[in-house]
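Right, one structure below, let's go through it.
Naming: A, B, ... by sequence-line order, numbering from 1 per chain.
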Amino acid sequence: MTARGAAQLSCRTGQKRQRVLDADRESPRGRAQTPSPGEPCLGPPATLGPRRSIYFSGPKRHSAQLGSDFFDQPAVALARAFLGQVLVRRLDDGTELRGRIVETEAYLGPEDEAAHSRGGRQTPRNRGMFMKPGTLYVYIIYGMYFCLNVSSQGDGACVLLRALEPLGGLEIMRQLRSTLRKGTTGRALKDRELCSGPSKLCQALAIDKSFDQRDLAEDRAVWLERSPPGPSEPAVVAAARVGIGHAGEWAQKPLRFYLRGSPWVSVVDRAAEQNA
DNA sequence: CGTATGATGGCCT
DNA sequence: GGCCATCATACGA
């Protein structure tokens, strides 16, 4: 019994830490595919009568949540469109964690040698890549970390979320991030260490495998909000993707995008920034 | 600041 | 059995 007493309840189980938050699995996963995205609130012929109002409590999307249309664009366009938008995670106790997306990577599908869907291979793990735009693809990497992707338009194409600028709930994020670390170093993480990497942001937002194949346009525990109009359009840097040493020529293509000058980006590519 | 290295286990061949 | 879309730490400049 050391000084770790405070975080005791969650770190006790070691690797199964994120289990604490599993309870907020509120996604209507099975329901998502039943009624098509057709907007029922535009101009219903009312042939079904007024009683249908009782169904309005159904999906229950968050008001500011970006809908399916946003995600229905090619991977590169979506990867760029993500920049500046705000990812929100609602924990089961109601706490909302927020982060502005500052870095993404596009994975183009079967022809992309660096993608899990290369050659058109579809497996139980990467099924989310082939599902409708906006579907999450969460996988485990190196046996202990998660990566969060969002399916885009295009078969087997998706966007990897690599870094956030933390906007709200930073202390909870810090707690979630340090709880998992084995070192028990006790040292407090700097703000820049919270979400500056694909697996760091998953830890900070308590996103694990249970989020795989959820719909970012409909889920109640995680969603995307359009960023408020800023003073000026931020410059976007296109650089090579990270961590794909193999994949030959595909490893060089500028399919990673990040906000120039942002201190929240995981890997800065000075050479790529020269080209502009 | 930089590079080097071990951890660690699901998934695919 | 080998590969990893990573991270934290250790150590050198």
Side-chain angles (χ1 to χ4, degrees), chain A residues 11 13-19 75-76 78-79 82 101-130 136-152 154 156-164 173-174 176-213 238-258 263-271:
Chain A
C11 66
T13 52
Q15 278 300 15
K16 302 186 173 157
R17 71 280 174 173
Q18 305 205 345
R19 184 64 58 101
V76 169
L78 182 60
F82 262 128
I101 298 171
V102 299
E103 181 184 358
T104 60
E105 280 179 5
Y107 287 86
L108 303 192
E111 75 270 26
D112 185 348
E113 283 301 314
H116 291 168
S117 54
R118 61 188 172 279
R121 60 191 83 184
Q122 189 173 350
T123 67
R125 176 180 69 148
N126 70 4
R127 174 125 199 289
M129 298 181 82
F130 295 86
L136 301 184
Y137 167 42
V138 180
Y139 69 92
I140 301 174
I141 185 65
Y142 297 106
M144 43 184 160
Y145 298 113
F146 298 101
C147 284
L148 172 64
N149 300 261
V150 183
S151 176
S152 72
C158 70
V159 174
L160 169 70
L161 303 186
R162 283 196 57 91
L164 309 176
M173 291 182 185
R174 215 182 312 275
L176 284 163
R177 284 271 294 126
S178 32
T179 295
L180 328 170
R181 308 184 325 140
K182 45 155 59 167
T184 73
T185 56
R187 146 182 169 263
L189 286 86
K190 300 172 191 158
D191 289 355
R192 294 170 49 158
E193 296 176 294
L194 294 179
C195 302
S196 55
S199 298
K200 294 179 186 176
L201 73 88
C202 284
Q203 286 182 349
L205 298 191
I207 288 171
D208 60 21
K209 186 79 172 166
S210 74
F211 283 75
D212 188 42
Q213 296 180 23
R241 293 173 291 185
V242 175
I244 49 170
H246 56 94
E249 62 177 89
W250 281 90
Q252 318 296 338
K253 293 182 184 289
L255 293 174
R256 183 167 67 97
F257 305 97
Y258 66 86
W264 310 102
V265 166
S266 69
V267 178
V268 168
D269 188 332
R270 297 292 178 204

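Of the side-chain N and O atoms in A:Lys200, one or more sit less than 4.0 angstrom from OP1 or OP2 of C:dA8. OP1 or OP2 of B:dT13 sits under 4.0 Å from a side-chain N or O of A:Arg121. Close to C:dC7, at under 4.0 Å from its OP1 or OP2, lies no side-chain N or O of A:Arg177.
Which of C:dC7, B:dC12, C:dA5 sits closest to the side chain of A:Pro124 comes down to B:dC12. You'll find that the side chain of A:Arg125 is closest to B:dC12, out of C:dA8, B:dC12, C:dT6. Of the candidates C:dC4, C:dA5, B:dC11, C:dC4 carries the atom nearest the A:Tyr142 side chain, counting heavy atoms from C-beta on.
We find that CG of A:Asn149 is positioned 14 Å from C1' of C:dC4, with the value rounded to whole Å. The distance between atom CD1 of A:Ile244 and atom P of C:dA5, rounded to the nearest whole Å, is 9 Å. Distance, A:Phe146 CZ to B:dT8 P: 15 Å, rounded to whole Å. Residue A:Tyr137 contributes atom OH, which lies 13 Å from atom P of C:dC4 at whole-angstrom precision. We find that OH of A:Tyr145 is positioned 19 Å from C1' of B:dC11, with the value rounded to whole Å.
Environment of CZ in A:Arg127: sparse, with no more than 12 heavy atoms of neighbouring residues, nucleotides or ligands closer than 6.0 Å.
One N or O donor and one acceptor, one from the side chain of A:Tyr139 and one from the base of C:dA5, sit under 3.5 Å apart.
For A:Glu193 and A:Arg177, the salt-bridge test fails: no basic side-chain N is under 4.0 Å from an acidic carboxylate O.
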Would A:Arg241 and A:Asp112 satisfy salt bridge (charged side-chain N to carboxylate O under 4.0 Å, His left out), going step by step from the backbone distance to the final call? CA-CA 12 Å; A:Arg241 293 173 291 185; A:Asp112 185 348; 2.7 Å; yes
message = A:Ser266 vs A:Glu103, test: side chain to side chain donor-acceptor pair (under 3.5 Å). Steps then yes/no.
response = CA-CA 8 Å; A:Ser266 69; A:Glu103 181 184 358; 2.9 Å; yes
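We find the OG1-CZ distance between A:Thr104 and A:Phe82 to be 8.0 Å, quoted to the nearest 0.5 Å.
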Symbol by symbol from the 5' end, with Watson-Crick or G-U pairs under 3.5 Å, [ ] crossing and | another strand, DNA chain B is |||||||.||||.
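C:dA5 has A:Tyr107 stacked on its base ring, the centres lying under 5.5 angstrom apart and the planes within 30 degrees of parallel.
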